[in-house]
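Chain A is the first sequence line, chain B the second, and so forth, proteins listed ahead of strands; every chain is numbered from 1.
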Number of protein chains: 2
Amino acid sequence: MAPEKSRRERPAKPALTREGIVAAAVAILREEGLRKVTMRRLAQELDTGAASLYVYVRNTAELHAAILDELLGTIAPPSSEGGWRDRLEKLLTAYTATLLEYPGLALSALVARPSGENYLGLVENLLALLADGDVPLERRAWGIDILLQYATATAAEHADGESPDDWDALARAVRDADETTHPQIAAHAADLLTGAPAQRMSWGLQVLITGITHTGLPPERNPT
Amino acid sequence: MAPEKSRRERPAKPALTREGIVAAAVAILREEGLRKVTMRRLAQELDTGAASLYVYVRNTAELHAAILDELLGTIAPPSSEGGWRDRLEKLLTAYTATLLEYPGLALSALVARPSGENYLGLVENLLALLADGDVPLERRAWGIDILLQYATATAAEHADGESPDDWDALARAVRDADETTHPQIAAHAADLLTGAPAQRMSWGLQVLITGITHTGLPPERNPT
DNA sequence: ACCTGAACACCGTTCAAGT
DNA sequence: ACCTGAACACCGTTCAAGT
């Protein structure tokens with residue numbers, strides 16, 4: 001008897017779905033990095049053509065947003081212990097740490113505001129923490145906006161394949177600064193180049209939180 | 001008599017120099033936008049091959065940095081009138097305005113710290129302004145770092161061909177937020193979506209300046 | 001409606017060969 | 001040393017044609 005030549009022969013190429021596509025994208029991200037997560041590479045992984053993906057994903061930017069939201073699903077909700085400032089700092093640090101695993105995603109998030117379910121959850125938690133801290137209601141929304149921007153930008157700075165070339169160039173420029181033309185830079189050279197990332201981040205969050213609690217909104221706020 | 005067929009026949013294709021390359025890049029930027037400033041397009045403009053540019057410019061990132069520094073040369077030095085906070089805000093706003101003309105450059109600046117002459121001049125001026133404000137010396141360097149990051153990130157958010165798609169998506173998500181699962185978002189919906197960019201920017205700068213003047217550095221600062 | 005192959009219109013960067 | 005053409009190894013996105 002001839003072998004059955006029925007449908008479903010092998011690993012049974014699964015039907016395309018948005019979730020399947022995003023899941024495959026995350027897998028490539030974890031194994032090969034964001035730069036390899038291209039429409040073409042992704043299609044190859046799913047055993048189809050790149051054009052097919054456009055039924056489920058508008059473009060590359062939307063794909064990145066979907067991946068990011070997936071990753072945000074893995075960050076733990078804020079613990080209920082400690083003061084609101086501590087909890088706020090912990091949550092934002094966790095968010096930053098997640099982005100730092102794939103700084104290219106932070107760059108995407110900066111340009112295209114996320115709006116996924118997990119991102120909204122994060123916003124929800126942040127707003128609640130500011131409420132806990134008795135930050136005036138009208139100030140909370142703009143407050144978390146700055147906090148998230150700071151966290152996102154801090155992660156985004158590490159994009160571009162961690163080439164410390166530019167950092168080197170800046171360090172050299174600062175050290176070589178002429179004391180007569182650039183007295184301030186000469187005087188601050190040490191501080192300009194010093195500071196562990198985690199310390200700077202923590203100080204930055206303190207600066208923002210303190211600033212937010214002390215700065216009233218402009219009296220009249222126009223729509224965007 | 002046959003026409004002289006001497007050297008220098010026509011517009012005399014000028015010799016390649018780094019300055020010439022950067023100048024041509026700025027010209028393309030102004031006329032066609034950053035996306036058109038590619039090695040290939042630039043080479044075409046200079047009547048040569050893309051490979052030739054690599055003698056003067058290490059790569060695209062360095063080219064972008066050179067262009068940015070060129071643009072920074074056009075921002076006016078801070079006026080000497082008014083209080084230091086006002087002058088500081090004005091200078092940072094001017095920096096942001098320049099970047100907002102080409103948000104893609106802001107994105108580059110975020111990833112690859114600039115170290116050009118004009119950028120150093122800006123840093124110098126900012127440090128002087130914080131000194132004017134009696135901000136403690138050790139806090140000034142980290143302070144301008146956050147201020148510049150905020151200004152740069154704010155401009156970078158407008159990169160990617162001003163597609164308000166994502167903003168729309170976020171607005172929809174916020175408005176559709178379920179009041180029981182996302183009570184905070186529902187309560188803050190108005191503020192989350194409100195605010196003219198200039199107002200938000202100004203408030204953000206106030207938050208940062210106030211925060212910087214009120215927040216001491218960690219006692220021990222480790223090298224990077 | 002979904003899927004596909006092929007095409008369009010590009011990229012950055014490297015390298016062997018020339019001058 | 002500088003310059004070049006050609007090549008390598010890719011991209012995102014669209015579209016006509018199939019099922």
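C/dT13 atom C1' lies 18 Å from atom OH of B/Y56, rounded to whole Å. Nucleotide D/dT13 holds its P atom 11 Å from the CG atom of A/L53, rounded to whole Å. Here D/dT13 presents its C1' atom at 14 Å from CD of A/E62, a figure rounded to the nearest Å. Nucleotide D/dC10 holds its P atom 12 Å from the CZ atom of A/R35, rounded to whole Å. Look at CG on A/L46: it is 15 Å from C1' on C/dC2, rounded to the nearest Å.
Not counting sequence neighbours, the partners of B/E32 by the salt bridge (charged side-chain N to carboxylate O under 4.0 Å, His left out) test are B/R41. Qualifying salt bridge (charged side-chain N to carboxylate O under 4.0 Å, His left out) partners for A/R172, counting only residues two or more places apart in sequence or in other chains: none. With sequence neighbours excluded, the residues satisfying side chain to side chain contact (heavy atoms under 4.5 Å, CB included) with B/T98 are B/L71, B/I75. Remark: A/A177 engages A/H182, A/I185 in a side chain to side chain contact (heavy atoms under 4.5 Å, CB included) (not counting sequence neighbours). Looking at residues two or more places apart in sequence or on another chain, you find no salt bridge (charged side-chain N to carboxylate O under 4.0 Å, His left out) involving A/R40. Residues passing the side chain to side chain contact (heavy atoms under 4.5 Å, CB included) test with A/T93, sequence neighbours excluded: A/E89, A/L205. The salt bridge (charged side-chain N to carboxylate O under 4.0 Å, His left out) test applied to A/E157 returns B/R113, not counting sequence neighbours. Listed by chain and number, the residues in a side chain to side chain contact (heavy atoms under 4.5 Å, CB included) with A/A171 are A/W167, A/R175, A/L193 (sequence neighbours excluded).
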>> Protein within reach of the bases, or only the backbone? For nucleotides 14-19 of chain C, mark each nucleotide 5' to 3' as B, S or -, using heavy atoms under 4.0 Å.
In response: BB----
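B/T96 and B/Y150 share no side-chain donor-acceptor pair at under 3.5 Å.
At a threshold of 4.0 angstrom between heavy atoms, the contacts of A/S52 include nucleobase atoms, whether or not backbone atoms are also involved.
Shown for residues 37-44 of chain A: residues whose heavy atoms fall under 4.0 angstrom of DNA chain D, namely A/T38, A/M39, A/R40.
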>> Counting Watson-Crick and G-U wobble pairs with both distances under 3.5 Å, what is the dot-bracket string for DNA chain C, 5' to 3', using [ ] for crossing pairs and | for pairs to another strand?
In response: ||.|||||...|||||.||
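Sorted by first and then second residue, the ring pair (Phe, Tyr, Trp, His ring centres under 6.0 Å) pairs involving residues 37-78 of chain B (not counting sequence neighbours) form an empty list.
The same atom, C1', is picked in D/dA16 and in C/dC2; the two are 15 Å apart, to the nearest Å. Taking atom C1' on both C/dA6 and D/dC11, the two are 16 Å apart, rounded to the nearest angstrom.
Between A/E45 and A/K36, none of the side-chain N atoms (NZ, or NE/NH1/NH2) sits under 4.0 Å from a carboxylate O, so this pair counts as no salt bridge.
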